[in-house]
Trainee: 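Pasting in a structure now, in structure tokens, and then I'll have a few things to ask.
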Amino acid sequence: MALGDLMASRFSQSSVVVVPNHLDDCASSHEDGDLSSQRRESETASSSYGNATATTATSMAYLPQTIVLCELRHDAFEACVPLGPSDSGLVSKWRPKDRMKTGCVALVLCLNISVDPPDVIKISPCARMECWIDPFSMAPQKALEKIGKTLSEQYERWQPKARYKVQLDPTVEEVKKLCNTCRKYAKSERVLFHYNGHGVPKPTANGEIWLFNKSYTQYIPLPISDLDSWLKTPSIYVFDCSAAGMIINSFIELHDWGGSSSSGSTRDCILLAACEAHETLPQSAEFPADVFTSCLTTPIKMALRWFCTRSLLHESLDYSLIDKIPGRQNDRRTLLGELNWIFTAVTDTIAWNVLPHDLFQRLFRQDLLVASLFRNFLLAERIMRSANCSPISHPMLPPTHQHHMWDAWDMAAEICLSQLPLLVEDPNAGFQPSPFFTEQLTAFEVWLDHGSEHKKPPEQLPIVLQVLLSQCHRFRALVLLGRFLDMGPWAVDLALSVGIFPYVLKLLQTMTPELRQILVFIWTKILALDKSCQVDLVKDGGHTYFIRFLDSMEAYPEQRAMAAFVLAVIVDTHRRGQEACIEAGLIHVCLKHLQGPTPNDSQTEPLFLQWLCLCLGKLWEDFTEAQIFGLQADAPAICAPLLSEPQPEVRASAVFALGTLLDVGSGSCRDGVGGDEDDDEKISAEISIVRSLLSVASDGSPLVRAEVAVALGRFAFGHNKHLKSIAAAYWKPQSSSLLNSLPSLSHIKGSVVSSQIGPLLRVTNDNSLVVRDGRVSTSSPLASSGIMHGSPLSDDSSQHSDSGILNDGVSNGGVHLSTPKPLDNAMYSQCVLAMCTLAKDPSPRIASLGRQVLAIIGIEQVVAKPVKSSNNSVRPGESITASPGLARSSSWFDMNGGHLPLTFRTPPVSPPRPNYLTGMRRVYSLEFRPHLMSPDSGLADPLLGSGGTSGASERSVPPQSTIYNWSCGHFSKPLLIAADDSKEILTRREEREKFALEHIAKCQHSSVSKLNNQIASWDTKFETGTKTILLEPFSPIVIAADENERIRVWNYQEAKEATLLNSFDNHDFPDKGISKLCLVNELDDSLLLAASSDGNIRIWKDYTLKGRQKLVTAFSSIQGHKPGVRSLNAVVDWQQQSGYLYASGEISSIMLWDLDKEQLVNSIPSSSDCSISALSASQVHGGQLAAGFVDGSVRLYDVRTPEMLVCATRPHTQKVERVVGIGFQPGLDPAKIVSASQAGDIQFLDIRNDREAYLTIEAHRGSLTALAVHRHAPIIASGSAKQLIKVFSLEGEQLGTIRYYPSFMAQKIGPVSCLAFHPYEVLLAAGAADACASIYADDKLSS
């Protein structure tokens, strides 16, 4: 099965396994999600949950199928900074330390043919063959020379490029000369010393080997220490003589005694010996005399001869045929070649499975000759142990002679030998290849089906490596290898350590089309683990392979995304890679595919778009030449449309790509004099880039905003002086004339300084403000009215700037007289505002990035924790000293929604207030500390005495982007198999759906009465009372929050008193409390959505686990608000059916956020001058919502219709009071609404059929504070400040009253502040303005 098919099948399976909308990281766009959710609804509807299918189908409307915020990006955005592919440390351990070569081979043969040494008694018949030559078949001298020559040839087969020197029956002097010559020739390469001592006595106990004197009358000993001192290191010794173990022991002792001085030589000195110290070489005639040497140098011949005597074939097979095996050892298509190939695979596999990793690398991967000798040494151990002789080595190897892979070798050998007689007879007969490799691949495949990281690694891995050499098995081997690598980084590390890298690198030179997809996949996996391979790829020209693949249209888009990933790693901080890819036209290819997505790619397009952007960004990063190419190719215009893509990953990657086009390095020349047309073009390109970036500065996804902060940081570096002077112009009271000019400024188009400038800021001294006509030029601050309203996304954003002021400033050369071509000041102003907004971001990580960016332009913050006092009168940012000036400054804070006190070196300019200056001086004396100035840069030194170093480093470098490293994580995870837990998730989901449907039916048919059974009551420990409360649907858990944004979670089942499970702060700078708590994905792993009164949304997971809650995402849901508004009083509701979050408040529209896309998808005009005070989204009709206004009017909206507003009415007419609560009546009727006003009346509306209320209840006189409408039961409840809760039926009948009785046993409630029904049971939770909270059930239900 091709990898492409594997991937395709994986995607099709996962759509069944995972709930729609999130097939995987390349989640489908929303429209597709809706289709799949409809399909899923119909599937689930047809599965019966009891009663009748028709009713079940209707009931399915109550069970939303959408799931949001469960992507990889929501896992740990706040928790950790992601690491990309590593290029150091543990990862590159697989690389052989230093490749080595054996440059010289010294062969010393002491045979003294026809003279037996005195300590050997030979049997008869005796082993006689040396190098397969019978020494007695010719004259002794001739035989000696022939044996020497043959041995040299046998070694040459393993290392043809080495220099060979033979000494036959030598003296000590000759050996010394030989050793010195070899070391001189080999330099730092390895020298092999082979000693055959069959014609001399055994080595001595002192570690001496025997040689001859000149006249051959004496044996002369040569101490091993001498030999070692001549040969030096690196070296390898082969000792083929009886008692060879003596030499090994002496070597080990020598190096132990040698201490530190010679320890270096021990490290690279390898020894192979024919037998143990007490053993004699086998003398049986079935073996050659030099059986050890034969195993090491002619393994196939030796192995087959030995096997033949033990096989059933030995009767039918003539020994001599073994010498006639047709073919060449290095041609795998011949019998001899295949045998050699199988033998290599078997011995490699045994070694890899038995040896420690480091030893395997050193002996089997570092030096070709050493690797061959050790493979053959494994054979020697097997054969010689059968003759009671144990070859030994240093470093020592574990025993391998009984490894079960030898059985596979025996079988392969038998199959080959059985064909031998026929092949020798008829040289033209084709031989039948062995099934060995096919069977081993099947074994590997079986392991892949059942294996895992925690099981024993697959022993066939070295065989898979060998199979890559053969064309006939290559495709299958690569696909299986791809599956293995997909199991995780541990698998990639194993494959690299077995030696796969050079093979897959070489395969990039093949043009075979069917290998392309799988090779790209394999390289994706390798580079996701280890980026250091980028160097090898560029050196071998491998990058062109991936550029061609990226440009090919026939591959799946997600596979082309892999090619883009590989290229991104190749160019990541690698200048040679960047240059090579630019030469190969990568910029053009990427931009071409960003421009024209083909229609059939829609399903998997996002991942491809994301990686095209990341690849471009990495190509441009810190490489001016590439940035110029990018700008010339009109990259900003091509990337900008991607900022509105539905997937946050794509938007964040596009921001990253655009940000890397902003040149950090040229700040000096831009702020200096000079510049030409190129500079003009560059500046206009930067303007368009920054404009694009500002459009997503308030994006719903922290991933995107983090990249905007990073990009603005780069911009701040390049345009440092301009931005500093703008910041100074905003907040510096240079003269009273500026103060006087502020009122006129701040009322441009009737607006006030927006909340975005809110925080007190500290700007550096910068004397470059232009002074004109005796006053400070006001061209820069607030030059366009859009800035007044907050973000560039606000209702009347900066399209209509106040041209008078703007032109006035620009015609005077802007703020900086020395700069010929600054960007326009409005742009700088917007940038500063965006930076301030980011510094106050609801996501802590982004707020810290925002603060780093502000530090670059000289604005520093002192982040103060809120002062928590008993009466909570002091807000954060206020000082406890009750001076009028400070009180004023803090109210200025409040008005501007600032919850991050920032300090300025000079006090801030306040909104116009005549007596402000006295207060300001006090602020200065109390809050501001003097700073050391660094005269040249105008930047303040870090705060004295407050951990200075970090401040300095924070400002000296722009914040670093994380989207690339974060995105790389996708490829480290398994891509071919669906997650294991999907079955459990589905089972739990089905159980919950069943529970929900059963309880919905109960609710719908219940005859509810009083709700006066208090099943739990407890002290919330909230100092300011409960602001909002929520009951979980599937567990006895209640969640509540207070004014200080403290969230607490209790279990109410255990006892009458609820048990506290968790308690945490929604954030560190609480402002006006939490206005709403909702559950997101309540049928699955529910998340807790906490909406603050300032419109900030934070979504938490694991919120019931003590201290383990994690922030999933956070954003500001309200953007741009009405003039003169002091606080937003945000109202928010969540609609699971559509995945929409609706938010409004003191603004003229309702913001519609799609939490799947994490994007503001619409802004619904509220069609009213008044603010919205209550908001309710239908839980059965996606896209429908009802809003209650401050003037008592009610409007119904449906975002699926073009005009959105369905109808408007004003039911609360008696007394014009705000609508306190609004809700859809239970059931599927889309127009039935309940609305309650502060005046105390509750109106029941059927808003489509009749504008008037069909039922009015005067529930409370002028004190109604809360309304709750049950989602499914015909019951509503209202709460009053007069310590009273009333329960009504939908017909208006009062079912019960819960009030405060002063008696000892009675139910106790305070002034009611919030009410909430359980979604599927008749339970009511009530929170009060005091610290008490309670839960009520019906008598009948509790029994």
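For the single chain, residues carry numbers from 1 onward in sequence order.
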Trainee: On the 0 to 90° scale, with breaks at 30° and 60°, tag the Trp352-Phe360 ring pair as parallel, tilted or perpendicular.
Mentor: perpendicular

Trainee: Are Arg310 and Glu286 within salt-bridge range, i.e. N to O under 4.0 Å?
Mentor: yes

Trainee: Whether Lys149 and Glu153 form a salt bridge (side-chain N of Lys/Arg under 4.0 Å from carboxylate O of Asp/Glu) is what I want to check.
Mentor: yes

Trainee: Hey, mind stepping through Met302 and Ile322 against side chain to side chain contact (heavy atoms under 4.5 Å, CB included) and telling me if it holds?
Mentor: CA-CA 10 Å; Met302 189 67 231; Ile322 291 175; over 6 Å; no

Trainee: Quick one: sort the Tyr219 and Trp210 rings into parallel, tilted or perpendicular, breaks at 30° and 60°.
Mentor: perpendicular

Trainee: If the plane angle is over 60° it's perpendicular, under 30° parallel, otherwise tilted; pick one for Phe377 and Phe292.
Mentor: perpendicular

Trainee: Any salt bridge linking Glu189 with Lys101? Criterion: basic side-chain nitrogen under 4.0 Å from a carboxylate oxygen.
Mentor: yes

Trainee: Could you please spell out the steps behind the side-chain hydrogen bond (donor to acceptor under 3.5 Å, both in side chains) verdict for Ser215 and Thr217?
Mentor: CA-CA 5 Å; Ser215 54; Thr217 56; 3.1 Å; yes

Trainee: Verify the distance criterion only: is there a donor paired with an acceptor across the side chains of Glu381 and Thr400 at less than 3.5 Å?
Mentor: yes

Trainee: May I ask you to decide if the ring planes of Phe251 and Tyr237 are parallel, tilted or perpendicular, using 30° and 60° as cut-offs?
Mentor: tilted

Trainee: Looking at Asp116 and Lys122, is any side-chain nitrogen of the basic one under 4.0 Å from a carboxylate oxygen of the acidic one?
Mentor: yes

Trainee: Run the salt-bridge test on Arg305 and Asp323 with the 4.0 Å N-O cut-off and return the result as yes or no.
Mentor: yes

Trainee: For the side chain of Glu208 and the backbone of Ile224, is there at least one donor-acceptor N/O pair under 3.5 Å apart?
Mentor: no

Trainee: How about Asp268 and Thr233: does a side-chain donor come under 3.5 Å of a side-chain acceptor?
Mentor: no

Trainee: Would you please classify the geometry between the His194 ring and the Tyr155 ring as parallel, tilted or perpendicular, with 30° and 60° separating the classes?
Mentor: perpendicular

Trainee: Work out which heavy atom in Ala243 is nearest to a heavy atom in Pro203; give both atom names and the distance.
Mentor: O-CG, 3.9 Å

